[in-house]
Asker: 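The structure under discussion is supplied below as structure tokens; questions concerning it will follow.
Keep in mind that this is a model prediction, so the values were computed, not measured.
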Amino acid sequence: MAKQATHVENCSAKSQDLVRRITLEIKSLNVCLEDFLHVRAESLGTTGTQLAILMAVTDLDTDGGAPAGVVAKLLKVDPCFITLHSKALAKVGYVRRKAGAKDGRIVQLSLTEKARKRLANITARQEELDRLVFGDLGTEELTKLSSRLPALRKQLERARLEAELETGTVSVREEPAIEGSCFGARCAKER
């Protein structure tokens with residue numbers, strides 16, 4: 001019986017160690033992605049946060065543009081945060097802001113031709129860099145990885161909520177988190 005308990009304790013300790021190592025690797029990847037995004041953003045003359053907004057608008061834009069509220073949801077930020085940054089992007093000629101056709105309270109964001117050209121230049125170089133970073137992984141491995149990450153994020157969110165209920169503590173972020181990349185400290189510096 002004692003031997004079985006020791007085995008369970010060893011498995012649990014190994015499992016905890018593995019979880020800690022994975023957590024540290026994810027944090028490290030996050031920092032690398034944040035720094036990489038910052039470098040790409042500087043080449044456009046924007047902040048990392050603003051580049052994330054441009055990328056979101058690119059993904060969400062339909063013929064009428066992307067609603068600012070939907071961009072905010074995708075990036076997991078408050079809509080006023082998108083308003084603030086989209087106005088700055090409009091001033092430099094990267095984003096068009098217009099009232100929605102059906103509901104004037106909804107702001108539609110779309111990329112200008114200037115932004116499309118500048119992003120196209122980045123995209124060409126990005127393909128090379130993607131091969132450098134992900135070249136060792138095949139399509140099947142990348143598909144598995146990309147499908148597991150959202151599930152892991154949801155489980156982490158659930159675990160955070162349970163921990164908040166258990167401890168009575170509420171997580172407070174000084175700056176908004178943006179899904180896909182954490183702009184934490186960088187966001188605070190950019191404001």
Asker: Closer than 4.0 angstrom, basic N to acidic O: yes or no for Glu113 and Lys117?
Answerer: no
Asker: Checking side chain to side chain contact (heavy atoms under 4.5 Å, CB included) for the pair Glu157/Arg153: CA distance, chi angles, key distance, verdict?
Answerer: CA-CA 6 Å; Glu157 287 172 355; Arg153 181 186 43 80; 3.1 Å; yes
Asker: Got a second to check how far Phe81's CZ is from Ile53's CD1, nearest 0.5 Å?
Answerer: 6.0 Å
Asker: How long is the span from the NZ atom in Lys91 to the OG atom in Ser86, to the nearest 0.5 Å?
Answerer: 11.0 Å
Asker: Working note: Arg160 + Glu164, criterion salt bridge (charged side-chain N to carboxylate O under 4.0 Å, His left out); need CA distance, chi angles, decisive distance, verdict.
Answerer: CA-CA 6 Å; Arg160 179 190 51 83; Glu164 285 178 356; 2.8 Å; yes
Asker: Under 6.0 Å from the CD atom of Gln155, do we count more than 12 heavy atoms belonging to anything else shown?
Answerer: yes
Asker: Do His38 and Glu42 have side-chain N/O donor and acceptor atoms under 3.5 Å apart?
Answerer: yes
Asker: Nearest 0.5 Å, what's the OH-CG distance between Tyr94 and Leu51?
Answerer: 10.0 Å
Asker: I need the Arg116 CZ to Leu119 CG distance, nearest 0.5 Å.
Answerer: 9.0 Å
Asker: Could you walk me through whether Ile82 and Val107 pass side chain to side chain contact (heavy atoms under 4.5 Å, CB included), step by step?
Answerer: CA-CA 10 Å; Ile82 299 300; Val107 175; over 6 Å; no
Asker: Given side chain to side chain contact (heavy atoms under 4.5 Å, CB included), test Leu156 with Leu152 step by step and report yes or no.
Answerer: CA-CA 6 Å; Leu156 284 168; Leu152 180 60; 4.3 Å; yes
Asker: Determine the minimum heavy-atom distance between Val95 and Leu54, stating which atoms define it.
Answerer: CG2-CD2, 3.6 Å
Asker: List, by chain and then residue number, the residues other than Leu145 in its hydrophobic cluster (Ile/Leu/Val/Met/Phe/Trp/Tyr, side-chain heavy atoms under 4.5 Å); write none if there are no others.
Answerer: Leu149
Asker: Please give me the minimum heavy-atom distance between Gly48 and Leu37, naming the atom from each residue.
Answerer: O-CD2, 3.5 Å
Asker: In terms of hydrophobic clusters joined by side-chain contacts under 4.5 Å, are Leu18 and Ile26 together?
Answerer: yes
Asker: Tell me the closest heavy-atom pair linking Leu111 and Asp61, and the distance in Å.
Answerer: N-OD2, 4.2 Å
Asker: Hey, does the side chain of Arg97 reach the backbone of Leu89 with a donor-acceptor pair shorter than 3.5 angstrom?
Answerer: no
Asker: Hey, is the main chain of Leu24 close enough, under 3.5 Å, to the side chain of Ser28 for a donor-acceptor pair?
Answerer: no
Asker: Measure across Gln108 and Gly65 and return the closest heavy-atom pair with its distance rounded to 0.1 Å.
Answerer: NE2-O, 3.2 Å
Asker: Quick check on the hydrophobic clustering: are Ile106 and Leu60 connected, directly or via other members, by side-chain heavy-atom contacts under 4.5 Å?
Answerer: no
Asker: Are Val71 and Leu44 joined in one hydrophobic group, where the rule is that I, L, V, M, F, W and Y side chains link up if heavy atoms are under 4.5 Å apart?
Answerer: yes
Asker: Between CZ of Arg118 and CG of Asn121, what distance do you get to the nearest 0.5 Å?
Answerer: 7.5 Å
Asker: Tell me the closest heavy-atom pair linking Ala88 and Gln50, and the distance in Å.
Answerer: CB-NE2, 3.5 Å
Asker: Identify whether Val92 and Met55 are in the same connected component of the hydrophobic contact network (ILVMFWY, side-chain heavy atoms under 4.5 Å).
Answerer: yes
Asker: Is it true that the side chains of Arg96 and Ser110 contain a donor and an acceptor less than 3.5 Å apart?
Answerer: yes
Asker: Check whether more than 12 heavy atoms from other residues, nucleotides or ligands sit under 6.0 Å from atom NZ of Lys114, and answer yes or no.
Answerer: yes
Asker: So with a 6.0 Å cut-off around CG of Asp136, is the heavy-atom count from everything else above 12?
Answerer: no
